[in-house]
Structure formats: structure tokens, C-alpha cells
Amino acid sequence: MISFTDQQLERYSRHIILNNVGIEGQLKIMQGKVLIIGVGGLGSPAALYLAAAGVGTIGIVDADKVDLSNLQRQIIHFTSDLQKTKTQSAFEKMKALNPDVHVNTYHLRVTAENIREIIRDYDFVIDGTDNFPAKFLINDACVMEGIPFSHGGILRFSGQTMTVVPAESACYRCSFPEPPPKNAVPTCAEAGILGVVAGMLGTIQAAEALKYLIKQGSLLTNALLTFDALKMDFRKVALRKRADCPLCGENPTILRLEDIEQAVCELKR
Amino acid sequence: MIIYVNGEPQEIKQQPFTVADLLVLNQVEMPEMVSVQLNGEFVKREDYQTIQINDGDEIDFLYFMGGGAR
Amino acid sequence: MNVYQIPETLPKEIDHLENLIRKFRQGTLNETELKANRVPFGVYEQRQKGTYMVRVRCPGGIITPQQLEAVAEISGKFGSKNLHITTRQEIQIHDVDLNGIISVIRSLYDVGLSSRGGGGNTIRNIMASWDSGIARGEIFDVTPYAVALTERFIAESDSWTLPRKFKISFSNSKQDNAFAAVNDLGFIAEIRDGKPGFRVYVAGGMGRSPQVGQLLHDFIPDDEVYAVARAVKVLFDKYGNRKNRHTARLRFLWQKLGREKFIRLYQKEFAGVKNRKLPPLKLKKFENRARDRFDILPAAENTPEFELWKKRYVRSQKQAGLYAVIIPIQLGILGISEASDFAEFAEHFGENAIRFTPQQNISLRNIPEEYLGNVYRNVRRVTRLADQPLLLGNTIVCAGASTCQLGICRSRDALTALTKKLTGAGIDLDSFADMKVNISGCSNACGQHFLADLGFYGKVGRKNHISYPAYNIVVGAKIGGEEGASLAEKIDEISARNLPEFVAEFLAGYGEKKDRYDSFTSFLQNGGAEDVRSICQRYRPIPDFDEDKNYYFDWGAREVFSLAGRGQGECSAGLFDLIEMDLSEITELKKQLGEAAEEENRAKILYRIMLLASRMLLITRGIEASSDDEVFDAFTRHFIQAKLIDSRFGSVIETAKSGRRARLTAIQEEALALAEAVEALYHSMDDSLRFNTEIKEEKEERGDEATSAEKAEKAEKPHLIRDYRGVSCPMNFVKTKLDLSMMQKDQILEVLLDDGSPIENVPRSVANEGHEVLQQKRIGQYWSVLIRKKV
Ligand code: HEM
Ligand code: SF4
Ligand SMILES: [Zn+2]
């Protein structure tokens, strides 16, 4: 049944007055469950916006602690949070922003072992991780569990994102069948990032999550949105679900989850 | 011939012209970091040398972006 | 330390006032308009034209020593040599000229003080027991509540545009020494089940028809103080009588509605406010302890005067070893050099050391015993009453007819005469230390005579058609205690001339029998009242004018008593003055029109009439137009399009606006008819600024009859009726959507919406979403909208 307190009505009034959201949409948001894997550059804005929007349950997964070098872009963490776990720091901000939302924290790294268990409780997953093994793992797990998710990646001044609805739309492996070879991963010097680019992309991912919850508009499926903040070019490339995709194709070759080894950059945190 | 690379028109004089040629022409330094689509279809890495590009084709380079800026 | 936080908007408001003053000086703004803005800023014009008084807000009577020093300095620069402590625990700067007003307000702002809400129809200074935080018998310290509520309310813009003044007070115990029971809203501290909270009274007040506060809540937990106060404010704002300021105070609303309806409406507001779960007040602690270090040495005093003073004016605090003193200030008048002398001294006792009391005195707290000698020395420099009994120090008198335009009697001079009489009468005044003798110059009760044990208020006596100054006598106020409050009641009257003798005789008589009664009240009930009457009886026939002219002169007056010169008081600032002013100019212009022969002249007059007619009522809609065109546009939108004024006048307005004034003479009839229509509308305005348009609506409905389909729809009963008046955009739309989402398709929802953007936006938006708006109907100042759920 519909029950809004006056306070909620007021808090979400700017949603409710939208024709495409309305009371019903807001209710869906409030009953929605979204998991954010990685509360770093992408996860920070996503977590804040989803909390602000009143998403009923938000899970946040991160194994790291807040480091000074994070603060240039990971806007959910403040200087006073240094050395706190990112999950704790994010939890505090999200609850302060909106006490209505239920926040589950997972202070761990997702692995082939644990990921399916974790994502199973959610309606939608946001990939805010910073490495290929995790991105592939999330793609594979979500496809296997049938949970839609938003993929996101950023590099220097650019970002790219796509939304995957398993069985219906192209998965990440449809376009990127295998992780790049270890030595091909950009060097540390190249791996800089303009902070706002992370914000732009994380916000797009949050928008996808909300659209998925309220079932309005069209998701960024079967397409890769790429943007270059230097030129402020936005490009949407159509993708196709491949019949011969090793994961979601007709004769899949990837049948179980596996952890992939990652090239580790010494400077990276 | 005129082809479209990432949406931008590009004049190609060379004939025949493969995906691999295009990667070289566009100075893609690390082909490992790129996925290629030809007219919306995924092109397997092993086919780069053999698949021909024709007038009016649309080619998209999809770059790996792994960062999440953790 | 700043006692309270001033909203960030204040500097802007000061700029605005400065602008108005400039315009006034340039002659482009008239006095009434300036007044409407200056009074809510706590700036009153004094009896002497062109001089002003600025009233400084001090919640709970708190001011820091540094602030008091600054106030004294500001007064020295821009005002008079005397400051004035009020019965609402504020301090006033007097004799400021027009040029000084802004400087005063800005300088006050610089030290964290504001005069906003010092006058006019605003949230006035919020009082608190002067001994809160230190009194031995107190329930708990209520100071933080008075301060926090002040901070919240002065940041809310609706605090400045209430129907009338709104007074709030907090008492720290049942003794109710902050008079919570005679304020518009009063809180009395209480602990229940270990939880701090308050007993709450509403609709109390003095003035011409006084009423003690009515019980609103037996108990509320302390975190609901804001919700209660906010709800009462909203209630007052919504339903208070804005038209007749003489019946505008909350107590008249109580009387008009009756207890049951008042409480019902209140409960609705209260529930609404509580639902919004606004944060409770942010309470600051006001520490009461001795300073850690003193940079003065204790001064030894052991004279008998010192001992007597301690008995009269020093009280031990609940904090062991600390003392508070009362410093009696005659008539609340404190010289600026005394003020800075005292303030500088008070710094030794910390920032929280000073309170103004409702008796217009000062209290100094947190004094270790060994420093009482120092305090005594300072007090003797600060006040002439240092070695006088408390009875005289505690007496309250209003400004009186010597300076107040409403006054009948010169109450201050009466007190001077009384003091002289009592000090020379050989009565032991110290035995009446807890007695309150208050004097007002007229029934407006600024001298709080209703709160007195023995009170007086000025009246006109008459003998052989000749007037003389006299006082009504009221006795026996009961404030505090278990049985609830009651005000002093009138039992007799006395000529001003004989007032001092009357008091002296009465006290002497009471003094003799005092031991036999446990309280003044029981004395009154057992013969005391008879004593009053018999003394009055003896003084009854006053001498004829020719026998003894003294009776026909008020105390301190050089002329024979007369009511000439009594004028409309300052407090009448506001809306109605502005409307009446335009109206009277219209009347005047109409006269001129009859005499004007030249076409051009007549056109000018007509234009002015139309402008005034269009402008006159805009203020009731909160509109201040800044150009002629804006006036016409606003009038068109809010009165013609809103169907308050017949639409046929639209074309006259267009003509006036077009600038072709010459054409106005051709349609003179229409122009004058417009003025009359506006005037008629004004007279139909009800207590809450709503216009009586019922008659018009009936007509409209009859016109509607043509479309029978519509009529059928009208007959359909709404499934749900919701009142969203007072709910602003877009929350009204949000709530409407919520209602619709809970209804079945084709059911009908009726919502009540305010005029203005709500009615302009909500139905349109609802229709955009695919629902059907069946009807929009104006009812007075609001609208009823019928919506059929379609999707
Ligand atoms: C000098 C010009 C003054 C004028 C013209 C004036 C006028 C009035 C009027 C008309 C009322 C009755 C208002 C009502 O019942 O709504 C009133 C009430 C009152 N005034 Fe004044 N007053 C003046 C000065 C003062 C001063 C100097 C004080 C205190 C220091 C004061 C304190 C009060 C109090 C305590 C009330 C009773 C308010 C209540 O109903 O609770 N007034 N005054
Ligand atoms: S009681 Fe009367 S005389 Fe005294 S200040 Fe008030 S209005 Fe003036
Ligand atoms: Zn796939």
C-alpha cells in the first residue's frame, strides 16, 4: 500500500511532480535495491544520488580505506575520513543525506567465490570498480544471475558506459570478449583521471539504475556511450548481442566464474 | 573511398583495405586495447587481417576503459 | 559571544529600510509607508516628531556585558543620554533622528543584536524567567528555549507579518515570574516521568480587555516546543483578525472561536507541523559558574547599608557559593555612562552575567560571595535606588501621558509623588518587599497593572463637567501557584492627587495587621478589600475647581488636565492605514474633479484616481508595485482576472495604461465606477482580508446553467476532499498526485487551493497528466477544484 509521510512527500516532491515518476515511480524507487560495487570515483556520486533519490536499499562494496589521493574525485569521502574504510565513510554520508535509505556495507573485495551470493539480493548493480578482472567478474556474475547492471569505465578525460540487461541485451563480453593482456593495461602515468569525469559517469550510471527501477524511458542497452570531456563529445555506438558471445551467446564457453589475474601498478591505490 | 571511423568521414586511397590496415593508418598503438565493430558487427581479432573495408562502411573502435578511479 | 544568531537576510532588510528612509527624505515616499516598514523593525516615532526609538531584542533579557557597552556607546553617538529597559526584558535607544536610524541598526548588528520585531505585528521579544538557570526552586533552566525559539522565529519571514503582535514567554517554575500565563503563548517548566517539558498556555494578554492564558497543553515534552509555537503562530497567521487591530490579538481569536474550535484548529496545525518532523530547537547551554580567574580583588564592605542591601537585593543561587543581585533601575531608565560603567564591571562575571527583568531592572549573576562588596560599590554608582527598599525598585510604571500619546494620566510623575510620600511616611517598606505596585497611564496596561498586588490605571474623572485625572484601583493578581493565574480586579477608584496618600494609608494599615495573614491575597479576602474601599470613601468627594485647583492638575503637569492632544498611537502602523490613506486621497480627488474645469487637469485627476483605486488593495495580496504599469498589471491579474472586480473595467485600465490620458475624460463615468467598485470590495473584506464574493459567485453559477452537462458533473459528489490551502507549490501538486494515486479511475477529487500560483499551476499540471479538471470555483480567497481521475 502507498504510504508516504509528509516529510517524504516533501523530500521527494521534485520526483513526484515528474510525469514519468509520480507517486508510483517514487514508490518503486523506495522499494528498489541497488548494489554499488566500488565506492570510488564512480561509486561516490552514484551512492549519493541514489541515497538522495530514496532508493530503499543500497549495498556498497569496497575493500579499501580512504586515502588522500582519493579525495580529488571520490566526493563521498572527506578529508576527515582518511583511514576510515570507504564503506564506513560512504555509509555515514548516505545516512546523513537520507536517513530513510537502508545501507548494507560489504567491506570486502568481490571474488568468484562471493559475488553471486552478494548480488543476488539486488535489483540492479552498478559497476564502479577500477580494474578489468572485477569488471569482467561483475559482467559474468550478473549475466549468470540475470541481474541487470551498469558497466562504467574511465580513462584520463574520457568515460564509457553501457547497461546490460542479461538475456535481452548485449553484455560486456559481446564487445570485449577477453580482458586485455596484462601488459597492455595503461601505465601508471597514463592512468590519471580528471576528477569530474568520474562524477559525470557515475551520475549517468545512477540515472540508469533509477530508470531501471521506475521502468521509464529506455536504458542504455545495446549501446556504448563514450564521451571525451576535453572536446565534450558524446557518442553512442550501437552494439549487438552476439550469438557467438562466449558468455551470453548460444554456445557459451564460460560456464563458471573465475578470478582473473590483474596487472598491478605499483603506484595505484 | 569514404569510410566513417567513429562517426568521422575518412578518405581512403589504398585498395584493398583491411581492418588491420585501418588500425595502422589510425596509429592505434595498442590494438590489444581496442575492439572493432564494422557496420555494427563485432569483428573478431583473428579476422582483422582478412576482413575488407568497403566504401561507406562504418567502423567503430571501442577502447577498453578499465578505470573506475578507485 | 552572541546571545542569539541573526538571520543572514537581515543586512538586506536593513538596506531596504535605508532605501525607504532615503526616499522619505527625498519626498518620494510618504510617512505612512515608511512607518509600515519601520515599526516592524522596532523603530517607533516618539511623541516629538522626527525623533525615534529603537527597541533591541534581548531574548530572556540576556545581553552580554560587551553588547550592553556597545548599546550605550551607540546611544551616545546617535541617541539620547538614557537607555530604557522595558517590561519585556529589552533595552531601548531613544531620541534617534531619521539619519541615525540606519547607523544604529547597523551598529547593533555588528555586535550581534537586532531590533527586528521590536514593534508592529511581529513576534516580539521572547521572555524567560530572569532567574532561570540560577533559582533555587526552579524546575530547569528555560533560557536555552527562549533563545533557540528566538533564533528559529526571527529567521522565519512569517514572523513579521502577523495579524498583530505575538508575545511568548518561558517560566522556570510555577511561580511564573516571566508571566507565561499572560502572554499569547506561555511555557511553564515541568518535569514529568523524568522528562523535561512544559505546561503550555495560549491567548493570554493584557491591554484593554485582558485575559489570562488558557491551558493548551497539560504537558509537552521539551522537544515539542518548536512544534507548539509554530502551530500557534500559523493558526494566528491564518485566522487572526487583520482588519480590526483592536480585536486582533490571539485572545480575541480565542473568544471568537470558542475553546473547542480554537483547540480543534490548533490541533490540526500542530499535527501538521509535527508531521513535517522539523528539527527540534537547537539548545545552547548558558553556563552559570564563577569565572576561573578574577582580575579584581574582593572589596571588603561591612557597613550597615551593605548588610541591608544584601538583605534587600542579593539572592543565593542554586550554584553553591554564588549570588545574584537585583539592581533596581528607576522607571527602567539607565543613563549611558552608568550603563557602560556597569557593563565594564559586569565583564568580571562572564558573558552570561546580565539579565533584564520584567520589572525593568537589571540582574547580575554568578558572583562569588567575596565579590559582593565590589558589586555593591558599582550598584551605588549605577542606580539611585541602591539603598531604597525593593518595593520601589520593583514598581512598574508605563511611559504615561507625559510622553505617550494615548495616555490619560502622567503615571511616571504619579510614581515620583508616591515615592516621595512613602519614603517620608515612616513606613517599613522592607516588610512589603514582595509586593508589586504597578501604574499604567491608561487602560492599555503598559504598566502591567493587571499583574499587580496593588495596581492603578489612568481614567478621566469628572466633577461638574470639569475633568480631572484619576486612577482605577485593581488588586490581587495571582500569577503562578497551583490554581492558575488570575488578574488583578478593579475594586475602586481614586483621584491622581490622592493616590500617594491612599497607598501610604493602605500600606500602613496592612503593615499593622500583616502578621495575621499568610499572604496578601488572604488579607484582601479577609478585610483588605474593605480597607481599600473605606479609604477611597474618605477621599471620594474631591474639592470643586475653585476650591482646590490642584486636583485638576496631574502630577508634574503645568496645565490643567485635559484630553486634548491624545492621538492615534504608533501601534497602528500597517495595512489599513495605507489603504485608508489611498481611499481618502481618492475622496479628495473626486472633490477636486468637480471643481476642475480644464480638460487636461481632469484627465490627470482621473488617472490618479484610477491608479489609487488599482493600488489600494494590492497590499492585501502582498504586492508592492514599483511603477504605475506594475500597479495596473497587478490589479488586472489579481482583481480583474480573479473576478473580484467586474471584467468590464479591463478596458478602462487599458486606456489608463496606454498613456493616452486625455481619453480618460471621455470615459469618466467608468473610471469613477471602478473606484467605487474597489471601495465596495474593500468594505466587503472580512476579518482575514478575504473578500465577500459570495454574491458574485451565485450570479456566476446561474450564468453557468446553460451547459447542463457541466451541471450534472457538479452534482457528482467528490470521493475525496482535501484542503491544500496554505500548502505552497509544488507540495500542493505533490499531495494532489498522492491522493489521485490512491483513487479509482473516474472517481472525483476535490482540492482546496490558495489563490495565486497554486490555482494557476495545480489544475494545469493535473490536466497535463491526463486527468480531467471538472471545475474551478473561487470561494472567497481560495479555490475549490474538482478533478476526475482518468489515468
Ligand atoms: C509610548 C507609547 C506607547 C503606546 C502608544 C503604547 C500603546 C499600547 C497599546 C495600544 C496597548 C494595547 C495593545 C493591545 O491590547 O493589543 C499596549 C499594551 C502594552 N504595552 Fe504599550 N504602549 C506604549 C509604550 C509602552 C512601553 C514603554 C511599554 C513597556 C516598557 C509598554 C508595554 C506594554 C505592555 C506590557 C502591554 C500589554 C501587552 C499585552 O497585551 O500583553 N508599552 N501598549
Ligand atoms: S498604558 Fe496607556 S499611557 Fe501608559 S504607555 Fe500604555 S498607552 Fe501609554
Ligand atoms: Zn555477451
Side-chain angles (χ1 to χ4, degrees), chain A residues 1-33 48-58 78 80 91-103 123 207 210-218, chain C residues 223 226-227 230-231 234 267-280 719-720 722-745 747 749 751 753 757-758 760-773 787 789-791:
Chain A
M1 251 329 282
I2 300 171
S3 67
F4 278 91
T5 65
D6 266 14
Q7 239 191 340
Q8 287 172 327
L9 273 187
E10 192 158 352
R11 180 187 283 270
Y12 305 122
S13 58
R14 288 347 184 235
H15 271 165
I16 295 171
I17 57 184
L18 285 170
N19 210 346
N20 289 334
V21 182
I23 292 287
E24 296 78 4
Q26 183 59 36
L27 209 62
K28 286 177 188 154
I29 293 173
M30 287 160 65
Q31 290 160 354
K33 296 175 180 173
L48 286 171
Y49 271 111
L50 293 181
V55 170
T57 304
I58 304 173
F78 302 166
S80 53
F91 175 87
E92 288 167 9
K93 309 315 171 352
M94 292 159 77
K95 286 303 254 190
L97 172 55
N98 189 351
D100 279 0
V101 303
H102 182 70
V103 180
D123 304 325
L210 288 175
K211 274 158 56 189
Y212 177 78
L213 291 179
I214 63 176
K215 305 272 177 271
Q216 291 288 325
S218 46
Chain C
D223 54 10
Y226 174 69
R230 170 89 205 151
V234 171
Q267 288 295 359
K268 213 175 113 200
E269 300 298 341
F270 186 47
V273 176
K274 278 217 299 207
N275 259 335
R276 288 174 57 196
K277 299 225 170 49
L278 298 165
H719 171 74
L720 195 65
R722 286 293 155 103
D723 183 356
Y724 294 138
R725 288 176 294 169
V727 180
S728 56
C729 298
M731 285 311 294
N732 40 21
F733 177 50
V734 170
K735 294 189 174 194
T736 304
K737 279 185 86 164
L738 179 66
D739 298 331
L740 287 168
S741 74
M742 288 189 296
M743 290 166 44
Q744 308 286 321
K745 192 164 178 259
Q747 281 182 334
L749 169 71
V751 288
L753 296 169
S757 23
E760 282 159 24
N761 291 316
V762 175
R764 210 160 41 91
S765 312
V766 169
N768 265 348
E769 302 221 318
H771 303 290
E772 190 180 347
V773 176
I787 303 160
K789 174 165 171 154
K790 278 293 175 200
V791 281

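Numbered from 1 within each chain, the chains take letters A, B, ... in sequence-line order.
- Contact of the Lys735(C) side chain with the Arg722(C) side chain is not registered, since no non-hydrogen atoms from C-beta on lie closer than 4.5 Å.
- Residues passing the side chain to side chain contact (heavy atoms under 4.5 Å, CB included) test with Asp223(C) are Lys195(C), Pro221(C), Pro280(C), sequence neighbours excluded.
- For Val273(C), the side chain to side chain contact (heavy atoms under 4.5 Å, CB included) partners two or more places apart in sequence, or in a different chain, are Ala227(C), Arg230(C), Ala231(C), Leu278(C).
- Counting heavy atoms from C-beta outward, Glu769(C) and Phe733(C) have side chains that approach closer than 4.5 Å.
- More than 12 heavy atoms of other residues, nucleotides or ligands shown are found within 6.0 angstrom of NZ on Lys211(A).
- For Phe270(C), the ring-ring contact (aromatic ring centres under 6.0 Å, His included) partners two or more places apart in sequence, or in a different chain, are His217(C), Tyr266(C).
- For residues 5-14 of chain A, a heavy-atom distance under 4.5 Å to chain C picks out Asp6(A), Gln7(A), Leu9(A), Glu10(A), Ser13(A), Arg14(A), given by residue number.
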